[in-house]
Amino acid sequence: MPPNKPSRRNDQLDRVYKTTKEKYDAAIKDIRECYERGQPVLVGTTSIENSEVIAELLEKEKLPHQVLNAKQHAREADIVAQAGRPKVITIATNMAGRGTDIVLGGNISKLVEAIESDETLDAAQKQQQLSDLQAQWTKDHELVTSLGGLRIIATERHESRRIDNQLRGRSGRQGDPGSSRFYLSLDDALMRIFAGDRVKAIMDRLKMPEGEAIEASMVTRSIESAQRKVEARNFDMRKQLLEYDDVANDQRKVIYQQRNEILDATDLSAQIQSLREGCFDDIVRQFVPRESVEEQWDLPALEKVLATEWQLNLGLQQQVSNASAITDHDLLETVQRHANEMFDTKVASVGSENFTQFERMVLLQSIDTNWRDHLSSLDYLRQGIHLRGYAQKQPKQEYKREAFELFGQMLDAVKNEVTKILMTVRIQSNEEAAAAAAAMEDQAERMSNVTYSAPTETGEVETVVDAATVRATVPRVGRNEPCPCGSGKKFKQCHGKLK
């Protein structure tokens with residue numbers, strides 16, 4: 001899109017020096033020349049550290065200036081707005097002050113507002129001060145325009161050409177005059193990595209003395225080529241990061257869709273039954289393979305697992321021996337039928353509405369816990385996946401494949417955890433709950449029977465303990481044993497969890 005008015009800005013060729021000291025000396029010399037003739041200067045740097053270095057050099061030269069960095073964020077707009085006044089030197093990072101117009105001669109809008117809002121002045125006095133202010137601004141504007149407008153001096157090239165163009169664009173607004181120049185050295189990060197050797201060879205071949213600079217269109221094109229390489233590299237990094245994030249984002253959509261369905265559903269019996277059937281199908285198939293014969297079955301191990309972990313005592317060996325012909329599918333249906341009956345009995349004892357709230361709480365807690373662990377696993381996988389490239393494999397494809405496997409394992413973990421908690425939870429009757437509460441109150445009362453007497457004459461404190469011996473009503477539980485509360489978790493992960 002063409003500008004509103006033709007540009008009159010003079011974008012001069014870059015000057016490249018051997019060392020950083022020569023670059024800064026040349027930049028300070030240019031700033032001093034502009035200050036002596038009254039031309040405003042905007043000095044651009046790539047970092048706050050470099051802006052402070054320039055500020056120290058200007059202080060040594062006794063040149064008044066304004067430093068615009070994160071320390072003056074509240075005054076940023078005011079400082080930039082006055083950067084077009086005569087003899088004003090403003091130091092800023094290349095991206096600072098965008099969105100604030102730099103008017104040649106300075107911005108007087110705030111001064112005009114202050115005069116108009118001053119209640120101590122009458123209308124005539126306000127008009128006189130406004131006229132004087134406008135006349136002074138017109139004089140300053142014509143002076144700065146005659147001196148060549150705002151001068152842009154940059155001490156380093158940014159990695160992105162867009163940032164450099166934005167810095168140049170602060171000068172020559174709306175057809176105003178202006179000029180810009182970049183001062184570079186072979187010690188700059190961009191020059192050292194990409195274009196330093198070539199330019200340094202040219203300097204050595206020409207035997208250039210200290211303080212002499214290279215100023216040629218070939219050098220400027222070489223620097224722009226280096227910037228294009230950095231921009232392409234950064235683009236590839238962002239694109240690659242986005243592709244990795246898409247994997248986790250797709251999985252995140254699935255998880256949050258499931259959570260919303262759980263929160264909105266009034267009846268979770270269908271979901272719970274699906275999880276339960278899938279869980280017991282996996283358990284049975286560990287010991288009774290699909291489409292296998294009876295000689296391949298490990299029924300004792302299956303009965304032991306069902307009894308110890310799921311509280312299902314089925315007597316499968318006796319049923320198989322009494323049956324004339326039974327298949328692996330019949331065995332699976334038997335296990336699932338007994339599991340459904342046992343679960344329905346628990347639901348009936350407390351009511352479906354109350355049990356649905358418990359199911360919702362267990363589902364959400366299990367999903368959230370396993371999802372957090374899954375995100376940590378994806379982070380660990382992402383950190384080392386690039387090493388797959390040494391095995392002639394595509395890291396992104398390997399990451400997608402293993403992330404999909406981890407997601408499946410997480411869903412299996414949620415299925416098993418939820419099913420185990422709901423199948424092994426112990427429901428107390430009102431009488432049992434009252435007895436347990438009374439036992440806890442009795443134990444607390446016995447523990448509170450320890451009293452302390454006042455200090456004796458010798459200064460010692462006598463301790464009087466109730467004669468009744470306090471004994472624990474619950475046996476000591478090992479950290480890796482099942483929690484007595486019936487949650488199905490290990491004691492160290494439930495009530496024995498360290499806070």
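Computed from heavy atoms alone, side chains included, the values below leave out hydrogens, waters and symmetry copies. If you're wondering where the values come from, they're calculated on a predicted model, not measured in any experiment.
Closest approach of Phe182 to Arg157, counting heavy atoms only: CD2-CD, 4.1 Å. When all heavy atoms are compared, the tightest approach of Gln82 to Val88 is O-CG1, 3.7 Å. In this structure, Gln311 and Met423 approach most closely via the heavy-atom pair OE1-O, 4.4 Å. Heavy atoms only, all atoms of each residue included: Leu150 and Arg170 are closest at CD2-O, 3.6 Å. Looking at every heavy atom in both residues, Leu167 comes nearest to Gly44 through CD2-CA, 4.0 Å. Scanning all heavy atoms of the two residues, the minimum distance from Arg168 to Ser180 falls at NE-OG, 3.2 Å.
Checking Asp379 against Ser376 by side-chain atom types alone, no donor-acceptor pair falls below 3.5 Å. Counting only N and O atoms by type, the side chains of Asp267 and Ser269 include a donor and acceptor under 3.5 Å apart. Residues Glu353 and Gln357 have side chains that never bring a donor and an acceptor to within less than 3.5 angstrom of each other.
With rounding to the nearest 0.5 Å, the separation of OG in Ser366 from CD1 in Ile421 is 6.5 Å. Atom CD in Gln258 sits 6.0 Å away from atom CG in Leu411 (nearest 0.5 Å). Note that the NE2 atom of His158 and the CG atom of Asn165 stand 12.0 Å from one another [nearest 0.5 Å]. To the nearest 0.5 Å, atom OG1 of residue Thr45 and atom CD of residue Glu156 are 8.5 Å apart. Glu398 contributes atom CD, which lies 14.0 Å from atom NE2 of His386 (distance to the nearest 0.5 angstrom). One finds the CG atom of Leu363 at 4.5 Å from the CD1 atom of Ile262 (value rounded to the nearest 0.5 Å).
Taking 4.5 Å as the limit, every side-chain heavy atom of Val112 sits out of range of all side-chain heavy atoms of Ile115. The closest side-chain heavy-atom distance from Phe287 to Leu299 is not below 4.5 Å. Within the 4.5 Å cutoff, side-chain heavy atoms of Gln365 are placed close to those of Thr369. Side-chain contact check for Trp297 versus Leu302: every heavy-atom pair is 4.5 Å or farther apart. Side-chain contact between Asp282 and Lys415 is present, with at least one heavy-atom pair separated by less than 4.5 Å. The shortest side-chain heavy-atom distance between Val254 and Asp250 does not fall under the 4.5 Å cut-off. In this structure, the side chains of His65 and Val43 stay at 4.5 Å or more apart for every pair of heavy atoms.
The aromatic rings of Tyr399 and Tyr244 sit perpendicular to each other, their planes meeting at more than 60°, with 30° as the lower class boundary.
The only member of Arg238, Arg382, Lys396 that meets salt bridge (charged side-chain N to carboxylate O under 4.0 Å, His left out) when paired with Glu243 is Lys396. Checked against Ile272 for a side chain to side chain contact (heavy atoms under 4.5 Å, CB included), the options Val362, Thr356, Val418 give a single hit: Val418.
Checked by atom type and distance alone, the side chain of Asn249 never pairs as donor or acceptor with a backbone atom of Asp245 at under 3.5 Å.
Taking a 6.0 Å sphere around CD of Glu261, one finds it holds more than 12 heavy atoms contributed by other residues, nucleotides or ligands. By the neighbour-count criterion of 12 heavy atoms within 6.0 Å, atom CD of Gln394 is sparsely surrounded, having that number or fewer from other residues, nucleotides or ligands.
Within the structure, side-chain hydrogen bond (donor to acceptor under 3.5 Å, both in side chains) pairs that include any residue of residues 403-412 comprise Arg401-Glu405 (at least two apart or interchain). Counting only residues at least two apart or on different chains, the ring pair (Phe, Tyr, Trp, His ring centres under 6.0 Å) pairs with a member in residues 353-385 are Phe343-Phe355, Phe355-Phe358, Trp371-His374, His374-Phe407. The list of side-chain hydrogen bond (donor to acceptor under 3.5 Å, both in side chains) pairs with a residue in residues 335-349, not counting sequence neighbours, reads Arg276-Asn340.
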(message) Would Gln227 and Glu231 count as a side-chain hydrogen bond (donor to acceptor under 3.5 Å, both in side chains) here? Give the steps.
(response) CA-CA 6 Å; Gln227 287 178 311; Glu231 291 172 359; 6.0 Å; no
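For Lys23 and Asp188, the salt-bridge test passes: some basic side-chain N is under 4.0 Å from an acidic carboxylate O.
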